[in-house]
Each structure stands twice: as C-alpha cells, then as structure tokens.
Protein chains: 2
Amino acid sequence: MDGLEGSPVGVQVPLYQAKAEFFRMLGHPVRIRVLELLADGPTPVRQLLAAIEVEPSNLSQQLAVLRRSGIVTATRDGSTVVYALAGGDVAELMRAARRILTEMLTGREELLAELREAEASSALPQ
Amino acid sequence: MDGLEGSPVGVQVPLYQAKAEFFRMLGHPVRIRVLELLADGPTPVRQLLAAIEVEPSNLSQQLAVLRRSGIVTATRDGSTVVYALAGGDVAELMRAARRILTEMLTGREELLAELREAEASSALPQ
DNA sequence: GCTGAAATTGAAGAACTTTGCAAGTGTACT
DNA sequence: AGTACACTTGCAAAGTTCTTCAATTTCAGC
C-alpha cells in the first residue's frame with residue numbers, strides 16, 4: 001500500500017514506479033466508485049456510505065488509501081467529514097481507461113466470434 | 001490476478017469492477033515499462049529483457065498478466081516472440097496518468113511548504 | 001535426432017492487501 | 001457530565017500477488 005506518501009520530499013522514485021503505485025492505488029472497486037462519486041463534487045462520508053455497499057470501517061480504510069496517495073482531500077465540517085478530489089482531471093483518466101477497456105472487450109468478442117466460426121489450429125502462444 | 005479474462009462471454013461484471021481490475025493490471029513497475037516500450041512499436045521479448053532489469057521468468061510472468069488481460073498480443077516469429085499493444089491509445093492513458101501524478105506531487109510540495117512556514121494546529125483528520 | 005537458445009509454465013514461499021471487528025477520537029446535544 | 005453519532009484506527013485472519021527455482025516447450029542449426 002502506501003506508495004507515494006512514503007517518499008520523503010526530495011527522494012527520487014523512478015517515474016515508472018510512481019506510475020505503478022498510482023495505478024495500484026486505483027485498483028480497487030470501492031476506491032474507483034469513491035473517485036467517480038467525488039468527480040461530481042465534494043461529498044460527505046455519510047453519502048459515500050449510502051451510495052456504496054460497504055462497511056463503514058472498510059470505506060474508511062479505502063478513503064485512507066486515497067488520502068495517503070494525495071488524490072483526495074478530507075475536511076471536517078462539524079461532525080461530518082467531506083471528501084473532495086485534490087485537483088486534476090480524474091474524470092479524463094477514467095474516460096481514457098473506459099476507451100481502452102471497451103476496445104479490449106470488443107477485440108475479445110471479435111476474437112471469440114472468429115474462434116467459434118473456424119475451429120482451426122494455429123501456432124501462437126496460448 | 002486474471003481479472004478480465006476469467007469472465008465467460010455474456011457474464012456481466014460491474015463496470016467499476018472491470019475498471020479496478022484494469023488498473024490493478026497496470027499496477028506493477030515491470031508491466032508499466034513493458035507497455036511504455038511497446039508504445040514505440042512491436043518488440044521481441046529479447047529486447048524487453050535487455051531494456052528492463054529483471055529475470056526472464058519474472059518478465060514472462062508479467063507478460064502473461066498483460067496477455068491474459070488482453071492489452072497486448074504475442075506472435076511467434078521463428079524462435080523469438082514479439083509483443084505488441086492490442087490496440088487502443090495506451091500512450092494517452094499514460095499521459096493522463098502523468099498529468100495527475102505531476103499535479104499530485106506539486107500539490108504535495110506546496111502543502112509541505114505551507115506546513116514548514118506556519119507550524120499552526122488545525123482540526124483535520126490525520 | 002541432438003544440442004542450444006528463447007520463452008513459458010508450475011509450484012512454493014514470502015510479501016502484501018483486504019476485510020471485519022472491537023476499541024478509540026472528536027463533535028453535538030441535552 | 002453523559003449519551004449518541006460520525007468516522008477512524010489497530011489488529012488478526014483470510015485472500016491475493018510477487019518472486020524465484022526447476023522443469024518444459026518450441027524452434028533453429030548441426
């Protein structure tokens with residue numbers, strides 16, 4: 001876990017490792033849903049909890065991961081805590097991901113259609 | 001691992017889970033480097049191996065993850081195997097990630113500067 | 001057919017992440 | 001002060017992923 005935040009300022013982490021940590025931090029269904037909800041504006045935990053089927057303590061852990069990575073901020077307002085995206089076009093990233101994902105799944109269906117039609121043998125790995 | 005490929009055709013996985021699996025598949029330094037190398041065109045394993053400091057069998061494992069997810073394809077040419085991006089603008093995704101990453105790190109430095117200046121107490125979580 | 005090089009696979013153990021529960025902190029209300 | 005609510009934290013068990021080793025497959029050249 002913990003990726004980005006662990007690095008003291010000035011200690012250089014190779015960029016490809018920072019990227020890997022960034023993507024790993026995105027790699028959890030609850031965290032994805034939180035980011036998508038936050039894309040529509042700052043949201044109190046209570047509301048996230050209502051929208052996502054998950055135990056409060058589990059949500060808190062996932063929020064902690066997002067917070068530590070720096071992609072979201074938390075501010076306390078009375079007894080509720082409000083989360084918001086720290087900046088950046090997270091929505092754009094999600095769009096890019098969706099495009100690739102769609103393409104990948106489409107490619108897959110085409111491949112399967114081909115395979116269904118001609119039960120031929122070929123010489124490719126796997 | 002295995003995410004996307006495990007799903008029989010027609011069994012619907014919630015989109016946020018497919019996204020999480022997709023990002024998790026990107027979440028490894030060796031896999032990121034492979035994708036970045038492949039962004040410059042199809043590349044034989046031998047060349048990947050020369051460019052990335054990693055054991056052959058470890059690289060193979062990571063290539064298998066990428067292959068199973070469908071983001072790359074492998075074709076055999078004589079005794080060498082050549083990998084290529086399966087489609088999609090992976091480069092665009094990486095650019096989006098880099099933008100956010102940069103912003104996050106910049107935000108962090110600003111925050112730290114602020115903290116250094118005024119050692120004030122506040123009431124935020126963490 | 002052997003031998004060697006290129007790449008993959010399988011399996012075992014270490015390392016990491018996720019989950020849920022119980023306990024803790026902070027704020028608001030009476 | 002005491003109770004209730006909103007969240008967070010610590011921790012152990014369960015689950016997943018990573019790394020490495022040895023074994024295997026596939027092809028090319030002899």
Side-chain angles (χ1 to χ4, degrees), chain A residues 1-6 16-17 20-34 42-69 72-84 121-126, chain B residues 1-6 16-17 20-34 42-69 72-84 121-126:
Chain A
M1 188 131 305
D2 252 20
L4 298 163
E5 69 134 9
Y16 56 85
Q17 192 176 325
E21 278 163 10
F22 175 72
F23 285 125
R24 198 182 312 153
M25 162 297 257
L26 296 173
H28 189 287
V30 169
R31 299 196 294 259
I32 292 285
R33 294 191 85 191
V34 167
T43 312
V45 173
R46 209 165 355 80
Q47 217 170 124
L48 297 172
L49 209 39
I52 308 175
E53 249 313 336
V54 74
E55 297 270 332
S57 76
N58 193 344
L59 180 60
S60 255
Q61 301 279 213
Q62 305 314 325
L63 289 172
V65 172
L66 294 174
R67 223 161 57 231
R68 267 178 260 145
S69 85
V72 305
T73 57
T75 51
R76 179 150 224 152
D77 176 14
S79 68
T80 84
V81 175
V82 176
Y83 279 82
S121 58
S122 90
L124 291 190
Q126 194 176 130
Chain B
M1 185 122 306
D2 250 19
L4 296 163
E5 69 135 8
Y16 56 84
Q17 192 177 324
E21 278 164 10
F22 175 72
F23 285 125
R24 200 181 311 152
M25 159 303 253
L26 295 174
H28 189 288
V30 168
R31 297 195 296 258
I32 293 284
R33 295 192 84 190
V34 167
T43 312
V45 173
R46 209 165 355 79
Q47 219 170 123
L48 297 173
L49 209 38
I52 307 175
E53 248 313 335
V54 74
E55 297 268 333
S57 75
N58 194 345
L59 180 60
S60 255
Q61 298 282 333
Q62 305 313 326
L63 289 172
V65 172
L66 295 173
R67 224 161 57 230
R68 269 179 259 145
S69 84
V72 305
T73 57
T75 50
R76 180 148 225 152
D77 176 15
S79 68
T80 86
V81 175
V82 176
Y83 279 81
S121 57
S122 91
L124 291 191
Q126 197 173 126

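By convention in this document, chain letters (A, B, ...) are assigned in the order of the sequence lines, proteins followed by strands, and residues within each chain are numbered from 1.
Distance CD/Gln61(B) to CD/Glu55(B): 11.5 Å, rounded to 0.5 Å. Note that the OG atom of Ser69(B) and the CZ atom of Arg24(B) stand 12.5 Å from one another [nearest 0.5 Å]. In this structure, CD in Gln47(A) is found 11.0 Å from CD1 in Ile52(A), a value given to the nearest 0.5 Å.
Rounding to whole angstrom units, CZ of residue Arg46(B) and P of dG4(C) are separated by 19 Å. Note: CD (Glu21(A)) to P (dT17(D)) measures 18 Å, nearest angstrom. In this structure, Leu49(A) atom CG and dC5(D) atom P are separated by 15 Å, rounded to whole Å. Atom CG in Asp77(A) sits about 9 Å away from atom P in dA28(C), given to the nearest Å. To the nearest angstrom, P of dT17(D) lies 9 Å from CZ of Arg31(B). Nucleotide dT8(C) holds its P atom 10 Å from the CG atom of Leu48(B), rounded to whole Å. Going from atom CE of Met25(B) over to atom P of dT16(D) covers 19 Å, rounded to whole Å. In this structure, CD of Glu55(A) is placed 16 Å from P of dA6(D), rounded to the nearest angstrom.
Residues Val81(B) and Leu63(B) form no side-chain contact, since every pair of their non-hydrogen atoms from C-beta on lies 4.5 Å or further apart. In this structure the side chain of Arg31(A) reaches within 4.5 angstrom of the side chain of Val65(A), judged on heavy atoms. Side-chain contact between Ile32(A) and Phe23(B) is present, with at least one heavy-atom pair separated by less than 4.5 Å. Counting only heavy atoms from C-beta outward, the side chains of Leu26(B) and Leu26(A) never approach each other to under 4.5 Å.
Note on Ser60(B): a base of the nucleic acid sits closer than 4.0 angstrom, heavy atoms only.
Distances shown here put a side-chain N or O of Arg24(B) below 4.0 Å from the OP1 or OP2 atom of dT17(D). Phosphate proximity of dT19(C) to His28(A): present, with a side-chain N or O under 4.0 Å from OP1 or OP2. Applying the 4.0 Å criterion to OP1 and OP2 of dA6(C), one finds that Tyr83(B) has every side-chain N and O outside that range.
When each of Asn58(A), Leu59(A), Leu48(A) is checked for a side-chain contact (heavy atoms from CB on, under 4.5 Å) with Val30(A), only Leu59(A) meets the rule.
Position along DNA chain C of the nearest nucleotide to Ser79(A) versus Val30(A) favours Val30(A) as the more 5'-ward residue. Each of Asn58(A) and Gly78(A) lies near DNA chain C, and the nucleotide nearest Asn58(A) is the one positioned closer to the 5' end.
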message = Pairs counted only when both distances fall under 3.5 Å, Watson-Crick or G-U: show me the 5' to 3' dot-bracket for DNA chain C, [ ] for pseudoknotted crossings and | for other-strand partners.
response = ||||||||||||||||||||||||||||||

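The shortest non-hydrogen separation linking Pro44(A) to Thr80(A) is CB-OG1, 4.4 Å. Scanning both residues, Ala20(A) and Pro29(B), for their nearest heavy atoms gives CB-N, 3.4 Å.
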Check nucleotides 10-15 of chain C for protein N or O atoms closer than 3.5 Å to its own N or O atoms and list the pairs.
unit_1, atom_1, unit_2, atom_2, d
dG10(C), O6, Gln61(B), NE2, 3.2

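Side-chain proximity of Arg76(B) to the nucleotides dT8(D), dC27(D), dC18(D) is greatest for dC27(D).
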